[in-house]
Amino acid sequence: MSGQFEGVTFEFVDQFPEHGFQNKRLKLVPYSPQRHTAEFLRMSGVDSERDMYRYLSFGPFDSVETFDENFFRTEIENDPSRILFAIIDKTRESRNHRIDEEGCLAGIIGLLNFSPHNLLAEIGYLMILHPYRGKHVLSNAVGLLIKWLLDPPSKGGIGFRRVAWKCSSLNQTSRSNAEALTFQLEGVLRWDMVLNAGGKKHGNCTNLRREDPKPNCKGASTAVYSIVWDDFDMGGRDELETIMQNAPDR
């Protein structure tokens, strides 16, 4: 196990790449509340940034304590099949915002439902901070994880068969991102998610029936996308690599 993964509670950390998830442009490091939460909230705390929670069942958060307690510990730390990564952009030269010796915090990304038994996993908790959107960050962060998941061991991967991407059916930005990264739409799960009460949540319902157990919480349907091993082997990997390489730095 690489030293940078020491202390991570993710059940499958021993299967991580020897040199971590990284290329010349960015790297993924296991999320540390002590190192990353304050900077993530500082960068995402302005009103326009808080809109990134509009389609999510959690957030926004007003303090380090509420983020760590109501998101990181509840969603990530208590589930051994999930892990959250901080995305570190290596291309930025600003020393004022460097989160470590190599770069700046550009967002977060996670793996969910990691199942060696069924050879599948899901990309989730993907939130790119505003200054890093529309650039190389999203494609390279997602691409690093996909290649590790779907590549066979002879290419440095773990040989999974399926990677899923799920989002609100109303979240057109997330849906477009999935399609741009070669994920294929499989269908829509209706009334799949309950959004938390309050805030500017965008759900697919406003009028619920009488006696609904959560009358103040909107609902959402979930669009399900995937990349599977055979499509990946038959040209999908090359296409993804091209997308990663051609994404602009600035």
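Computation of the quantities below employed the complete heavy-atom set of this structure, encompassing side-chain atoms and omitting hydrogens, waters and symmetry-equivalent molecules. Sequence positions, counted from 1, serve as the residue numbers for this chain.
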When you group the ILVMFWY residues by side-chain heavy-atom contacts below 4.5 Å and let the links chain together, are Leu189 and Leu120 in the same group?
no
Any side-chain heavy-atom pair from [X] and [Y] closer than 4.5 angstrom?
X	Y	value
Arg73	Asp68	yes
Asn177	Phe183	no
Leu105	Phe40	yes

Checking Lys147 against Glu241 for the side chain to side chain contact (heavy atoms under 4.5 Å, CB included) test, could you report, in this order, the C-alpha distance in whole Å, the side-chain angles of both residues, the deciding distance, and whether it holds?
CA-CA 9 Å; Lys147 289 195 293 182; Glu241 190 68 53; 2.7 Å; yes
Name the atoms and distances for all side-chain donor-acceptor pairs under 3.5 Å in residues 154-165, with sequence neighbours left out.
unit_1: Arg162; atom_1: NH1; unit_2: Glu186; atom_2: OE1; d: 3.2
unit_1: Arg162; atom_1: NH1; unit_2: Glu186; atom_2: OE2; d: 2.7
unit_1: Arg162; atom_1: NH2; unit_2: Glu186; atom_2: OE1; d: 2.9
unit_1: Trp165; atom_1: NE1; unit_2: Ser174; atom_2: OG; d: 3.1

Go through the steps to decide whether Phe85 and Phe21 satisfy the test ring-ring contact (aromatic ring centres under 6.0 Å, His included), and finish with yes or no.
CA-CA 10 Å; Phe85 295 96; Phe21 300 96; 5.3 Å; yes
[X] side chain vs [Y] backbone, donor-acceptor pair below 3.5 Å:
X	Y	result
Thr91	Leu26	no
Lys166	Gly124	no
Asn140	His136	yes

Using the salt bridge (charged side-chain N to carboxylate O under 4.0 Å, His left out) criterion, which residues pair with Asp151? Sequence neighbours excluded.
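Scan of Asp151 (salt bridge (charged side-chain N to carboxylate O under 4.0 Å, His left out), adjacent residues dropped) gives Arg237.
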Given side chain to side chain donor-acceptor pair (under 3.5 Å), test Thr37 with Tyr31 step by step and report yes or no.
CA-CA 9 Å; Thr37 298; Tyr31 188 91; 2.7 Å; yes
Are Phe61 and Phe67 near enough that their ring centres are under 6.0 Å apart?
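Distance test on ring centres: under 6.0 Å, yes.
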Write down the atom of Lys27, the atom of Glu102, and the distance for their closest heavy-atom approach.
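That closest heavy-atom pairing would be NZ-OE2, 2.9 Å.
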Any chance you could lay out the side chain to side chain donor-acceptor pair (under 3.5 Å) test for Thr173 and Ser176, step after step, and finish with the verdict?
CA-CA 5 Å; Thr173 298; Ser176 296; over 6 Å; no
